[in-house]
Amino acid sequence: MNACAETQTDRIRTLNDAFRKSFVGGRVVVTSGTTTLSDIDRLALFAAVKNFDTFTSDNDPYGEHDFGSIDIAGGRFFWKLDCYDLHCLGHSPNAADPAVTTRVLTIMRADEY
């Protein structure tokens, strides 16, 4: 195997990061607790999600960059990225293939989890 070959996990991580950093190429869902923030705090939260880079073995055990926790506006918020099939009826058959995957980023207050 070529040492430079991209693994499936590398590809998933790259696709997850690209979507999370741009909010383009999937769906972004916010919970009711997130919508109660002021516009300024909600925009700060979205920016913090896009800029999140504190991945550790505790919050990213599979190396896919699909979860994060952020403290902002006096509260703790989670973001979670899930990969569904194109119709969002079940899990993606191959999260490394954007042709068969819809990425969904959910942003929520930690107490809503």
Side-chain angles (χ1 to χ4, degrees):
M1 183 171 119
N2 182 346
C4 294
E6 184 178 50
T7 68
Q8 181 160 331
T9 299
D10 293 337
R11 182 71 178 138
I12 292 169
R13 181 175 48 250
T14 297
L15 291 166
N16 285 350
D17 283 345
F19 171 50
R20 179 182 45 79
K21 291 177 180 182
S22 67
F23 290 4
V24 174
R27 298 179 186 178
V28 177
V29 176
V30 296
T31 61
S32 59
T34 303
T35 62
T36 63
L37 291 171
S38 69
D39 290 344
I40 291 171
D41 287 340
R42 192 169 40 259
L43 289 174
L45 174 61
F46 293 165
V49 170
K50 288 180 175 185
N51 293 313
F52 186 89
D53 66 355
T54 314
F55 295 101
T56 68
S57 59
D58 289 333
N59 68 15
D60 191 32
Y62 301 106
E64 295 180 347
H65 290 189
D66 60 359
F67 175 84
S69 176
I70 297 166
D71 292 323
I72 198 164
R76 174 160 288 175
F77 292 83
F78 293 154
W79 62 265
K80 176 71 175 103
L81 206 154
D82 294 294
C83 296
Y84 294 99
D85 65 36
L86 291 179
H87 302 288
C88 293
L89 298 174
H91 292 286
S92 171
N94 180 359
D97 183 356
V100 298
T101 303
T102 298
R103 284 182 157 67
V104 178
L105 176 64
T106 303
I107 303 171
M108 70 191 87
R109 291 186 71 93
D111 60 8
E112 293 177 301
Y113 186 70

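Just the heavy atoms: all of them, side chains too, but no hydrogens, waters or symmetry mates, feed the values below.
- Listed by chain and residue number, Gln8, Arg11, Ile12, Asn94 satisfy the side chain to side chain contact (heavy atoms under 4.5 Å, CB included) test with Ala96 (two or more places apart in sequence, or in another chain).
- Remark: Lys50 engages no residue in a salt bridge (Lys or Arg N to Asp or Glu O under 4.0 Å) (not counting sequence neighbours).
- Note that the CG atom of Leu86 and the OG1 atom of Thr102 stand 5.0 Å from one another [nearest 0.5 Å].
- Put simply, the side chain of Val28 reaches to within 4.5 Å of the side chain of Phe19, judged on heavy atoms.
- Formation of a donor-acceptor pair under 3.5 Å by the Thr35 side chain with backbone atoms of Ser32 is found in this model.
- For OH of Tyr113, the number of neighbouring non-hydrogen atoms (other residues, nucleotides, ligands) closer than 6.0 Å is 12 at most.
- Asp71 meets the salt bridge (Lys or Arg N to Asp or Glu O under 4.0 Å) test with Arg76; sequence neighbours excluded.
- Hydrophobic clustering, with ILVMFWY side chains joined whenever heavy atoms are under 4.5 angstrom apart, groups Leu37 together with Phe23.
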Next on the checklist: Run Val49 and Leu105 through side-chain contact (heavy atoms from CB on, under 4.5 Å) and show every step you take.
Outcome noted: CA-CA 10 Å; Val49 170; Leu105 176 64; 4.1 Å; yes
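- A search for side chain to side chain contact (heavy atoms under 4.5 Å, CB included) contacts involving Asn59 returns Phe52, Phe55, Thr56, Phe67, not counting sequence neighbours.
- In this structure, Asp10 and Ala5 approach most closely via the heavy-atom pair OD2-O, 4.4 Å.
- For Asp39, the salt bridge (Lys or Arg N to Asp or Glu O under 4.0 Å) partners two or more places apart in sequence, or in a different chain, are Arg42.
- The shortest distance between side-chain heavy atoms of Lys80 and Asp66 falls below 4.5 Å.
- In this structure Thr31 satisfies the side chain to side chain donor-acceptor pair (under 3.5 Å) test together with Thr34, Glu112, sequence neighbours excluded.
- With sequence neighbours left out, the side chain to side chain donor-acceptor pair (under 3.5 Å) criterion links Thr54 to no other residue.
- Grouped by direct or indirect side-chain proximity (heavy atoms under 4.5 Å, Ile/Leu/Val/Met/Phe/Trp/Tyr only), Tyr84 sits with Val29, Val104.
- Residues Tyr62 and Thr9 share a closest heavy-atom pair of O-CG2, 3.3 Å.
- Residues forming a side chain to side chain donor-acceptor pair (under 3.5 Å) with Asn16 (at least two apart in sequence, or on another chain): Arg103.
- Taking 4.5 Å as the limit, every side-chain heavy atom of Glu64 sits out of range of all side-chain heavy atoms of Cys83.
- Closest of all the heavy-atom pairs between Ala95 and Thr101 is CA-OG1, 3.7 Å.
- In terms of heavy atoms, Ile72 sits closest to Phe77 at O-CE1, 3.4 Å.
- The line from CZ of Arg20 to CZ of Arg13 is 11.5 Å long, rounded to the nearest 0.5 Å.
- The shortest heavy-atom contact between Ser69 and Trp79 is N-NE1, 4.4 Å.
- Listed by chain and number, the residues in a salt bridge (Lys or Arg N to Asp or Glu O under 4.0 Å) with Asp60 amount to none (sequence neighbours excluded).
- Note on Ile107 and Ile70: same hydrophobic cluster, where clusters join Ile, Leu, Val, Met, Phe, Trp and Tyr whose side-chain heavy atoms are under 4.5 Å apart, directly or indirectly.
- In terms of the side chain to side chain contact (heavy atoms under 4.5 Å, CB included) criterion, residue partners of Ile40 (sequence neighbours excluded) are, by chain and number, Ser38.
- Not a single side chain to side chain donor-acceptor pair (under 3.5 Å) links Arg109 to another residue, sequence neighbours left out.
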